[in-house]
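Single-structure report; data block below.
Letters A, B, ... mirror the listed sequences (proteins, then strands); counts begin at 1. Every value quoted in this text rests on a predicted model; they were computed, and no experiment measured them.
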Amino acid sequence: MAAILALSYFHYAGSVDTTRRTISAKTGQNHYLTTKQTAPKSVLFSRKKLKLPNVSTRQEAILLRLESGFTEDALHLFENMNTRDPSVWNVVIRGLTTNGYFQHALDVYYRMRSEGIRADNYTYPFVIKACAGSFSLVEGQKVHSRLIKVGFDLDIYVCNSLVAMYAKLGLIGLAERVFEELPVRDLVSWNSMIRGFVSVGEGWNALLCFREMQEVGLRPDRFSIISILGACSLECLLRYGKGIHGQVIRSRFELDVMVQTSLVDMYGKCGRVDYAETMFERIYQKNIVLWNAMIAGYTRNGKPIESFTCLKKMQEEDKLNPDIITAINFLPSCAQIGALLQGKTIHGFAMRKGFLPHLVLETALVDMYGKCGEQKLARKVFSNMSERNLVSWNAMIAAYVQNGHNREALELFQELWKEPLNPDATTITSILPAYAEVALLRESKQIHGYVAKLNLSSSTFISNSIVYMYAKCGDLQTAREIFDGMLYKDVISWNTIIMAYAIHGFGANSVKLFSEMKEEGIKPNASTFVSLLLSCSASGMIDEGWEYFTSMEKDYGIYPGIEHYGCMVDILGRSGNLDLAKRFVSEMPLVPTARIWGSLLAASRHHRNIEIAEHAAKHITSLGHDNTGCYVLLSNMYAEAGRWGDVERIKFQMAKEGLEKSPGCSTVENNSKIYKFINLDMSHVNTDAMYDVLSIMSRKIGEDIYIHSASKLRPLDVIRKRSTSPEFHSVRLAICFGLIQVSLGSPVFVRKNVRICEACHSAAKKIAENTGREIVVGDQKMIELDACDSLYNTKRYYYFIEREREKIIESDFLCGEIK
DNA sequence: ATAGGGTTAG
């Protein structure tokens with residue numbers, strides 16, 4: 001078959017556009033022409049269409065070859081014909097279109113015209129279909145204007161094809177116009193229009209169209225039903241879909257496998273996989289499409305195990321091999337349970353079967369690898385892709401963010417701007433957490449501006465992320481302003497703003513917001529209490545902490561999770577009652593994690609209780625995580641107590657485990673650039689000025705005993721004081737650098753990779769008071785908080801909205817009997 | 001003889 005594509009007899013066909021193109025639908029969806037879509041399909045003509053009276057034997061022979069998929073042979077016969085009846089041309093164009101050779105069909109059409117043979121109303125529907133098939137709007141519009149010229153623009157067959165073509169190209173407006181201008185509309189016209197709305201994602205309009213069709217007295221047929229079930233899925237209208245199901249049962253379509261498949265699909269998409277299952281089980285003859293729909297239903301509804309079983313049953317019971325769609329539908333199930341091995345198996349299977357390259361499948365693989373924690377493999381698939389669309393980019397960006405590679409995610413996001421693609425809501429949703437992590441205020445403001453431009457500011461989910469992003473960047477005020485301006489605040493919005501105040505240590509505000517939240521009738525969830533307890537811990541509100549901790553179970557029926565216990569250890573540790581904290585850990589009903597012991601260790605460090613620190617450290621090291629931080633902390637404590645033997649012992653232990661102390665460093669942001677400092681840092685261009693400012697500041701805040709300008713520093717003095725004196729800690733250097741560099745009126749944002757020490761914390765406060773500058777310092781504590789709010793869930797929010805909508809239309813839409 | 005259909009990633 002490849003030979004036919006190489007034959008040269010199509011070269012004269014005129015200016016036929018063979019480039020691949022992307023058509024953006026109103027919905028922002030992209031339709032892509034992939035190599036798979038243009039590949040020849042050995043689609044057979046239906047038998048009933050074959051009976052052609054009064055045709056020459058030659059023509060019949062051509063038709064026979066075309067319908068059996070022997071396109072090349074057919075074309076040879078065609079080329080050798082002398083007398084060419086217009087109907088022969090029609091047969092050839094129809095054959096090429098039906099077999100998927102859209103470009104060749106168009107070539108033959110142009111050749112037909114150049115040879116002076118008039119295309120008729122039988123020619124155009126196929127030519128139009130070929131335009132749609134090759135996703136060529138240019139061709140389509142050329143043909144459209146041509147047929148207006150020759151007066152076929154009122155032919156119902158031609159116009160119905162045009163409606164379908166424009167809809168397929170995503171230009172629903174043009175489809176509507178052709179539809180509106182039709183003098184007479186038959187069932188096919190309506191079906192094409194309904195299908196069109198569904199295919200661009202406008203389920204609502206499809207429903208309106210469906211109702212209008214019945215109002216003008218037409219009864220839906222199986223095509224209408226299949227399309228309208230698609231509309232139900234789009235709008236998540238379970239009740240309405242059930243109504244259609246009722247009509248189907250009373251109609252003669254009950255045993256139509258396509259209608260049945262659409263029903264299974266609809267139930268799956270409306271969240272009732274149980275209905276889909278019942279329906280599915282009752283179907284006697286299951287084809288691959290039906291199996292795929294069922295697998296997709298399980299996957300979509302978070303039932304990966306059932307999806308696995310279903311795939312197995314498909315192979316065992318019906319001896320069906322997975323196809324591309326099966327693979328695409330199945331991969332998210334692997335992703336959901338982190339079944340890397342099974343995902344890889346599918347990947348290998350797809351390669352052996354020659355499914356690759358395939359845009360959608362590769363995107364699903366990127367997503368699967370990303371969710372299985374293999375961002376490197378995801379990147380490998382992504383980089384190998386011959387074609388990428390926005391969805392592929394979104395999947396790759398998400399893969400980086402999900403695995404904590406925020407820098408890479410941001411770099412990729414920057415690269416995306418060079419592509420002829422526009423980031424959408426999904427892109428923004430994926431990238432915002434990366435912005436929050438990296439916390440560059442200026443860049444965050446830029447992305448915020450873009451969100452406003454995209455009109456996404458009204459999305460609760462996205463606004464929540466933006467509030468969080470500003471809070472993490474240190475700009476609490478803007479975070480609050482955005483929160484106050486939100487139209488719909490859900491529980492996550494409240495959790496986020498409470499957390500924002502917690503991060504900044506304004507516990508009182510968190511508490512106030514919590515009562516406001518309750519007044520608004522928003523029910524707190526587990527995350528709300530994490531935020532609240534963190535607030536209490538950060539602001540030293542010990543009694544309130546206990547109160548919330550006991551109230552969450554008593555008043556709200558929320559059982560404390562490991563995070564809540566962690567916060568309580570922090571709170572108790574802060575109070576200085578380390579024995580109580582220790583007892584709390586030993587009596588908690590959950591197995592303490594490294595995070596819990598870490599809290600106890602930090603508290604012991606704070607209150608210089610070596611005994612309990614050793615106890616906590618023993619547990620941490622036994623858990624086998626990265627013990628570096630734990631060793632360093634313990635070592636510092638021994639040093640402070642003058643227990644040098646123990647310091648040496650830990651040093652030896654670290655060397656044995658191949659661990660190195662990661663130097664504490666601080667960063668400060670200026671003009672979207674990050675400047676990094678280590679303790680005693682002298683590597684920066686402004687070192688002298690920086691130390692001068694530090695010297696002045698230290699004097700002002702009463703810590704000037706050891707300070708001299710940098711040039712007068714003698715390293716030995718410094719080294720001797722290292723473990724105890726915080727005067728040259730990186731945080732202070734970063735602050736001073738910021739004071740010099742950041743323009744007046746803008747806040748100075750400093751972050752530290754490990755926990756900031758108490759002395760630096762109070763020094764920062766005093767420097768802020770003295771200079772009148774706003775200084776925001778974030779440390780490890782702030783970073784730890786990220787893991788807490790795991791309840792971000794887009795789906796839940798949208799689902800809620802859809803429920804509400806269903807109530808509104810339920811009474812409005814009553815479809816008539818189906819013929 | 002002509003047109004309209006189901007499964008597809010985030």
Inset, instruction - Mind checking D323(A) for me? I need base, sugar-phosphate or nothing, with any heavy atom below 4.0 Å counting as a touch. - result: nothing
Inset, instruction - Identify the two heavy atoms, one from H405(A) and one from Q375(A), that lie closest to each other, and give their separation to 0.1 Å. - result: NE2-NE2, 3.1 Å
Legend entry - L361(A) CG - dA9(B) P separation (whole Å): 12 Å
Inset, instruction - Write down the distance between CZ (F223(A)) and P (dG4(B)), rounded to a whole number of angstrom. - result: 9 Å
Legend entry - Charged tip of R195(A) within 45° of F223(A) ring normal and under 6.0 Å: no
Legend entry - Polar pair under 3.5 Å, donor/acceptor by atom type, side chain D186(A), base dG4(B): no
Inset, instruction - Go through dG6(B), dA3(B), dA9(B) for me and flag the one nearest to the R195(A) side chain. - result: dG6(B)
Legend entry - Side chain of P332(A) - closest among dG6(B), dG10(B), dG4(B): dG10(B)
Legend entry - Selected nucleotide, minimal atom distance to V391(A) side chain, candidates dG10(B), dT8(B), dA3(B): dG10(B)
Legend entry - Heavy atoms of other groups near Q285(A) CD, more than 12 under 6.0 Å: no
Inset, instruction - Answer with base, sugar-phosphate or nothing: what part of the nucleic acid does Y124(A) contact at a heavy-atom distance below 4.0 Å? - result: nothing
Legend entry - Candidate nucleotides dA3(B), dT8(B), dT2(B), ranked by approach to the side chain of A296(A) - the nearest: dT8(B)
Inset, instruction - Looking only at side-chain atoms of L187(A), point me to the closest of dG4(B), dT8(B), dA9(B). - result: dG4(B)
Inset, instruction - Just compare dG10(B), dG4(B), dG6(B) and give me whichever is closest to any side-chain atom of N287(A). - result: dG6(B)
Inset, instruction - Using the test salt bridge (charged side-chain N to carboxylate O under 4.0 Å, His left out), find all partners of R272(A) that sit at least two apart in sequence or belong to another chain. - result: D274(A)
Legend entry - Selection: residues 363-373 of chain A, any non-hydrogen atom under 4.0 Å of DNA chain B: T363(A), D367(A)
Inset, instruction - Round to the nearest Å and state the distance from R219(A) atom CZ to dG4(B) atom C1'. - result: 19 Å
Legend entry - Side-chain (E419(A)) to main-chain (E415(A)) donor-acceptor, under 3.5 angstrom: no
Inset, instruction - Provide, to the nearest angstrom, the distance between the CG atom belonging to N329(A) and the P atom belonging to dG10(B). - result: 10 Å
Inset, instruction - Report the nucleotide, chosen from dG6(B), dT7(B), dG4(B), that has the shortest atom-to-atom distance to any side-chain atom of I226(A). - result: dG6(B)
Legend entry - Centroid distance under 5.5 Å and plane angle under 30°, Y157(A) vs dA3(B): no
Legend entry - Which atom of V158(A) lies closest to which atom of P125(A), heavy atoms considered: CG2-CD, 4.1 Å
Legend entry - Salt-bridge present (K286(A), D318(A); N to O < 4.0 Å): no
Inset, instruction - Take the protein atom CG of N191(A) and the nucleotide atom P of dA3(B), then report the distance between them rounded to whole Å. - result: 15 Å
Inset, instruction - Could you check whether the rings of Y166(A) and H144(A) sit parallel, tilted or perpendicular, using 30° and 60° as the cut-offs? - result: tilted
Inset, instruction - Indicate whether OP1 or OP2 belonging to dA9(B) is found under 4.0 Å from a side-chain N or O atom of R388(A). - result: no
Inset, instruction - Measure from the side-chain heavy atoms of S192(A) and tell me the nearest of dT7(B), dG4(B), dT2(B). - result: dG4(B)
Legend entry - Rounded interatomic separation in angstrom, taking CD from E362(A) and P from dA9(B): 15 Å
Inset, instruction - Please confirm whether any donor atom in the side chain of N389(A) sits under 3.5 Å from an acceptor in the base of dA9(B), or the reverse. - result: yes
Legend entry - Nearest-neighbour nucleotide for the T426(A) side chain, dA3(B), dG4(B), dG10(B) considered: dG10(B)
Inset, instruction - Can you figure out which of dG6(B), dA3(B), dT8(B) approaches the side chain of R300(A) most closely? - result: dT8(B)
Legend entry - dG4(B) OP1/OP2 closer than 4.0 Å to side-chain N/O of K168(A): no
Legend entry - Short side-chain N/O contact from K286(A) to OP1 or OP2 of dG6(B), under 4.0 Å: no
Inset, instruction - Give the rounded distance in Å between these two atoms: CD of Q285(A) and P of dG6(B). - result: 21 Å
Inset, instruction - To the nearest Å, give me how far apart CE (M294(A)) and P (dT8(B)) are. - result: 13 Å
Inset, instruction - Answer yes if the ring centres of Y122(A) and Y157(A) are under 6.0 angstrom apart, and no otherwise. - result: no
